[in-house]
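Have a look at the structure below, then the notes.
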Amino acid sequence: QVQLVESGGGLVQAGGSLRLSCAASGRTFSSGAMAWFRQAPGEEREFIAGINWSGSSTIAADSVKGRFTISRDNAKNTVYLQMDSLKPEDTAVYYCAAATRREATNIQGFYKYWGQGTQVTVSS
């Protein structure tokens with residue numbers, strides 16, 4: 001059993017920053033890729049960013065490149081999403097996900113474990 005718990009969401013003005021955290025427990029955290037997804041009201045869940053098992057490689061959606069940064073601290077079993085230059089269209093519930101494969105992918109089906117989500121609201 002794997003548990004993922006997100007934190008750090010909230011309300012922020014456009015142009016501001018937030019850092020999301022995802023604490024993992026229940027398995028060897030450092031063995032698999034991690035990712036962040038988000039889902040806005042009425043929209044499908046979409047990939048945001050992913051990081052490989054060691055933290056040496058990351059991928060990101062075009063919509064957030066240059067604004068969002070994913071990182072991980074395997075000693076703390078935690079993955080982060082630093083979000084800068086936030087826009088109202090970034091408003092969504094953000095989910096952390098864990099895969100058993102080592103390399104990150106933007107395909108949701110490869111992620112076996114999911115957190116409960118944290119709300120991010122960006123006001124204009």
Side-chain angles (χ1 to χ4, degrees):
Q1 188 73 14
V2 175
Q3 296 83 38
L4 301 174
V5 180
E6 302 97 336
S7 61
L11 174 64
V12 63
Q13 289 188 333
S17 297
L18 281 175
R19 188 176 83 154
L20 305 183
S21 298
C22 174
S25 62
R27 73 173 179 101
T28 304
F29 172 79
S30 61
S31 65
M34 301 289 293
W36 288 95
F37 290 78
R38 70 185 180 189
Q39 187 169 22
E43 303 289 332
E44 293 187 354
R45 189 160 55 187
E46 63 172 343
F47 169 80
I48 295 301
I51 189 166
N52 73 336
W53 65 281
S54 66
S56 63
S57 177
T58 64
I59 54 176
D62 288 343
S63 59
V64 304
K65 280 181 181 177
R67 300 190 299 123
F68 291 10
T69 304
I70 187 171
S71 61
R72 65 190 296 165
D73 185 338
N74 286 344
K76 296 182 178 180
N77 285 0
T78 302
V79 64
Y80 305 97
L81 184 68
Q82 177 66 42
M83 306 186 294
D84 299 317
S85 302
L86 283 160
K87 305 175 182 179
E89 51 263 44
D90 294 319
T91 295
V93 177
Y94 283 70
Y95 297 91
C96 171
T100 54
R101 55 182 278 158
R102 289 196 160 197
E103 298 305 315
T105 173
N106 61 356
I107 301 173
Q108 293 192 39
F110 281 106
Y111 294 92
K112 184 175 181 180
Y113 305 104
W114 294 82
Q116 82 289 350
T118 186
Q119 176 70 46
V120 172
T121 303
V122 185
S123 63
S124 58

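Atoms considered below: every heavy atom in the structure, side chains included; atoms not considered: hydrogens, waters and symmetry mates. Computed from a predicted structure; not experimentally measured.
Expressed to the nearest 0.5 Å, how far CG of Asn77 lies from CG of Leu4 amounts to 10.5 Å. Separating the OH atom in Tyr113 from the OG1 atom in Thr100 is a distance of 7.5 Å, to the nearest 0.5 Å. Distance check: Thr78 OG1 to Met34 CE gives 9.0 Å after rounding to the nearest 0.5 Å.
Counting heavy atoms from C-beta outward, Val120 and Leu18 have side chains that approach closer than 4.5 Å. Side-chain atoms of Gln119 and Thr91, non-hydrogen and from C-beta on, do get closer than 4.5 Å to each other.
Judged as a side-chain hydrogen bond (donor to acceptor under 3.5 Å, both in side chains), the pairs with a partner in residues 7-17 (not counting sequence neighbours) are, in order, Ser17-Asp84. Annotation: salt bridge (charged side-chain N to carboxylate O under 4.0 Å, His left out) contacts involving residues 94-118, sequence neighbours excluded, are absent. Sorted by first and then second residue, the disulfide bond (SG atoms under 2.5 Å apart) pairs with a member in residues 34-95 form an empty list; sequence neighbours excluded. Among pairs with a residue in residues 39-85, none fulfils disulfide bond (SG atoms under 2.5 Å apart), at least two apart in sequence or across chains. For residues 34-76, no pair satisfies disulfide bond (SG atoms under 2.5 Å apart), with sequence neighbours left out. Pairs engaging residues 61-124 under the disulfide bond (SG atoms under 2.5 Å apart) rule: Cys22-Cys96 [sequence neighbours left out]. Sorted by first then second residue, the ring pair (Phe, Tyr, Trp, His ring centres under 6.0 Å) pairs that include residues 31-57, not counting sequence neighbours, are Phe37-Phe47, Phe37-Tyr111, Phe37-Trp114.
The side chain to side chain contact (heavy atoms under 4.5 Å, CB included) test applied to Ser85 returns Arg67, not counting sequence neighbours. By the side chain to side chain contact (heavy atoms under 4.5 Å, CB included) test, Ser124 is found to be paired with Pro88, residues two or more places apart in sequence or in another chain being considered. Partners of Lys65 under the side chain to side chain donor-acceptor pair (under 3.5 Å) rule, at least two apart in sequence or in another chain, are Asp62. By the side chain to side chain donor-acceptor pair (under 3.5 Å) test, Arg45 pairs with Gln108, sequence neighbours left out. Qualifying side chain to side chain contact (heavy atoms under 4.5 Å, CB included) partners for Phe68, counting only residues two or more places apart in sequence or in other chains: Arg38, Ile48, Val64, Leu81, Met83, Leu86, Asp90, Tyr94.
Ile51 and Val2 fall within a single hydrophobic cluster, where Ile, Leu, Val, Met, Phe, Trp and Tyr side chains are chained together by heavy-atom contacts under 4.5 Å. In the hydrophobic clustering of ILVMFWY residues, with side-chain heavy atoms under 4.5 Å counting as a link, Leu20 and Ile59 come out apart.
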Inset, instruction - Starting from the C-alpha separation in whole Å, work towards a yes-or-no answer on side chain to side chain contact (heavy atoms under 4.5 Å, CB included) for Thr118 and Val93. - result: CA-CA 5 Å; Thr118 186; Val93 177; 6.0 Å; no
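Arg19 forms a cation-pi arrangement with Tyr80, by the criterion of a distance under 6.0 Å to the ring centre and an angle within 45° of the ring axis.
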